[in-house]
Number of protein chains: 2
Amino acid sequence: MPAATTLRISPTLAAGADNSGPAFSPLYQQIKTLMTRSLQAGVWRPGEAIPSETELAARFKVSQGTVRKAIDALATDNLLVRRQGKGTFVATHTEEKTSLLRFLRIRANDGRDEPHVSRLLDVRRSKATADIARLLELKPGDPVIVLRRVLEHAGAPTVLDEIVLPATLFKGLTKAKVDAYRGSMYSFFETQFGVRMLRAQEKLRAIAADAAGARMLNVAPGTPLLAVERVTFTYGDRPVEWRRGLCVTQHHHYFNELG
Amino acid sequence: MPAATTLRISPTLAAGADNSGPAFSPLYQQIKTLMTRSLQAGVWRPGEAIPSETELAARFKVSQGTVRKAIDALATDNLLVRRQGKGTFVATHTEEKTSLLRFLRIRANDGRDEPHVSRLLDVRRSKATADIARLLELKPGDPVIVLRRVLEHAGAPTVLDEIVLPATLFKGLTKAKVDAYRGSMYSFFETQFGVRMLRAQEKLRAIAADAAGARMLNVAPGTPLLAVERVTFTYGDRPVEWRRGLCVTQHHHYFNELG
DNA sequence: CAGTGGTCTAGACCACATC
DNA sequence: ATGTGGTCTAGACCACTGG
């Protein structure tokens with residue numbers, strides 16, 4: 001029986017140096033923090049099942065209902081996936097249509113769901129600009145890896161992506177390795193580098209296509225394009241990816257749901 | 001003590017004619033449906049407190065924990081707002097920064113949060129086009145009300161909105177009444193017409209400004225604009241608003257969070 | 001069949017807001 | 001002090017999956 005010291009109703013346990021008072025943290029929240037650590041540390045690996053609720057309850061010395069609340073929270077954060085009768089699994093970008101498509105918001109105007117094809121243009125090493133450094137919490141000049149690719153829907157190029165990654169986290173990433181990999185970009189990052197994309201912030205603008213972009217996307221220069229800038233975060237809200245997509249929105253659009 | 005017949009574990013009670021089998025529906029789900037009806041019927045009015053959990057538990061003849069699960073679900077749907085120590089309240093567009101801003105995704109590039117000003121251009125009666133009829137579940141030619149307005153941030157026009165409403169739901173809506181009202185558009189709809197906007201779907205595209213739009217927004221014709229098309233739904237997923245916003249994205253952007 | 005998650009209960013106690 | 005929502009427990013039973 002592993003250690004798993006449960007600290008019980010001890011106040012001031014919330015993550016981060018919170019010096020703003022007692023800050024009562026409920027038990028299930030503490031359990032959630034402990035479980036998040038197991039996920040981050042790779043004790044429970046993507047796609048695998050975690051221990052059952054009763055097992056975890058015994059381990060943490062709390063009731064099954066309390067473990068349940070912690071798991072519920074992790075499931076709504078998309079870190080875990082519950083499957084009745086089977087178990088609770090670590091979410092992954094590798095399988096599952098739902099997880100995979102969570103970050104892809106481009107749809108065809110007619111509902112048709114033609115699969116998109118990714119064509120990698122180039123991979124090069126570079127240095128972080130001031131802007132990138134700020135967004136990725138690096139120092140200006142820190143080494144980064146820049147990928148460029150085109151997404152094609154129904155044979156026509158629709159999205160031109162530029163992806164910037166901190167080189168320290170993605171050592172050994174080459175064009176050959178990306179080309180050899182079958183699956184989505186985030187699945188590639190997850191399985192090959194252990195970097196899991198959990199959450200993202202996007203800013204959308206309309207811009208005019210410049211000469212180079214127009215050529216890649218096979219449109220006239222000056223064509224309005226949807227510019228989607230994204231910062232993606234992993235555990236602990238650490239930013240680990242910046243990307244900008246330029247989308248031709250003649251036959252496609254960016255879809256969003258406001259709950 | 002009101003009626004409130006609880007049907008208990010009786011299968012096939014889910015909303016809609018579901019002929020796909022037994023379709024077990026848990027108790028808390030049934031309670032949620034009953035409570036949604038009270039909200040829709042106006043038994044509990046926007047801004048007011050609903051009965052306490054123990055009160056509702058007695059009324060529905062279930063345990064407090066079951067009522068709690070129903071309320072939890074309604075709270076995550078943004079229909080109710082819980083306030084510890086005070087009670088549970090019906091969500092409203094009239095107060096509350098959070099509820100109000102849920103549907104406004106335009107932000108200034110620098111984080112500054114200048115309040116926007118809405119300038120109503122005109123209100124006119126019209127007939128639903130085929131497209132509008134399809135999206136609002138009307139018949140082509142059904143009467144609609146069309147509002148046009150400009151949103152100004154820091155004195156400069158940034159968004160040109162066109163809003164289409166089914167005339168039957170908004171009888172008596174005139175420019176004078178909108179101008180007289182202090183508050184957001186959705187607060188106006190809620191208080192003056194009892195139409196509550198709960199959920200929306202948006203499609204975003206980049207387009208070039210035409211002559212008329214360019215004039216209203218004080219930009220050159222052909223300037224890339226962010227076109228945001230929205231269909232807004234009320235209870236029972238009934239569409240009750242279509243709108244299109246044309247946004248100048250020089251100093252602003254559309255913000256989105258991917259969970 | 002056994003094992004998993006999902007629901008429901010009854011009761012105890014805590015934290016917060018108000019009087 | 002009282003009433004509200006928030007947490008936690010222990011136990012029973014139901015629904016789903018797979019051997």
#### Entry: Under-4.0 Å salt bridge between A:R230 and A:E202
yes
### Query
D:dT7 P sits how many Å from A:L27 CG, rounded?
11 Å
### Nearest-neighbour nucleotide for the A:K86 side chain, D:dT17, C:dC8, D:dT7 considered
D:dT17
### Query
Charged N to carboxylate O under 4.0 angstrom, A:E190 versus A:R196?
yes
## Note on the structure
Of the candidates C:dG5, D:dA15, D:dA10, the side chain of B:F24 sits closest to D:dA15
### Task
Examine C:dT7: is either OP1 or OP2 under 4.0 Å from a nitrogen or oxygen in the side chain of B:Y28? Give yes or no.
yes
### Nucleotide nearest B:S63 when distance is taken to its side chain, options D:dC8, C:dT9, D:dG6
C:dT9
### Query
Within the structure shown, what part of the strands sits under 4.0 Å from B:T88 by heavy-atom distance: base, sugar-phosphate, or nothing?
sugar-phosphate
### Task
Indicate whether OP1 or OP2 belonging to D:dT9 is found under 4.0 Å from a side-chain N or O atom of A:T66.
yes
### Query
Nearest to the side chain of B:R68, which nucleotide is it out of D:dG6, C:dG5, C:dA15?
D:dG6
### Task
To the nearest Å, give me how far apart CD (A:E53) and C1' (D:dA10) are.
15 Å
### Query
Below 4.5 Å, heavy atoms only, C-beta onward: do B:V231 and B:E137 meet side chain to side chain?
no
### Query
What is the distance, rounded to the nearest whole Å, between atom CD1 of A:I71 and atom C1' of C:dT4?
11 Å
### Message
Assess whether a salt bridge exists between A:E53 and A:R68, defined as any Lys/Arg side-chain N lying under 4.0 Å from an Asp/Glu carboxylate O.
### Response
yes
### Message
Below the 4.0 Å mark, does C:dG6 have OP1 or OP2 next to a side-chain nitrogen or oxygen of A:R82?
### Response
yes
### Message
Just to be sure I understand the rule, does A:Q84 reach a base, reach only the sugar-phosphate, or reach nothing, if contact means heavy atoms closer than 4.0 Å?
### Response
base
### Message
Using whole Å, what does the distance between atom P of nucleotide D:dG5 and atom CG of B:L74 come to?
### Response
14 Å
## Note on the structure
The answer to which of A:P51 and B:Q29 contacts DNA chain C further toward the 5' end, by nearest nucleotide, is A:P51
### Message
Pick the closest DNA chain C nucleotide for B:Q64 and for A:Q64 by heavy atoms, then say which residue is nearer the 5' end.
### Response
A:Q64
### Summary
Ranking A:G85 and A:V67 by the position along DNA chain D of their nearest nucleotide, the one closer to 5' is A:V67
#### Entry: Gap between atoms CG and C1', on A:D72 and C:dT7 respectively (whole Å)
12 Å
### Query
Rounding to a whole Å, what distance do you find between A:F60:CZ and D:dT9:C1'?
17 Å
### Nucleotide C:dC16, atom C1' - distance to CZ of B:R83 in whole Å
13 Å
### Task
Rounded off to whole Å, could you give me the CD-to-P distance for the A:E55 and C:dA2 pair?
20 Å
### Query
Is it true that B:E152 and B:R119 make a salt bridge, defined as a side-chain N closer than 4.0 Å to a carboxylate O?
yes
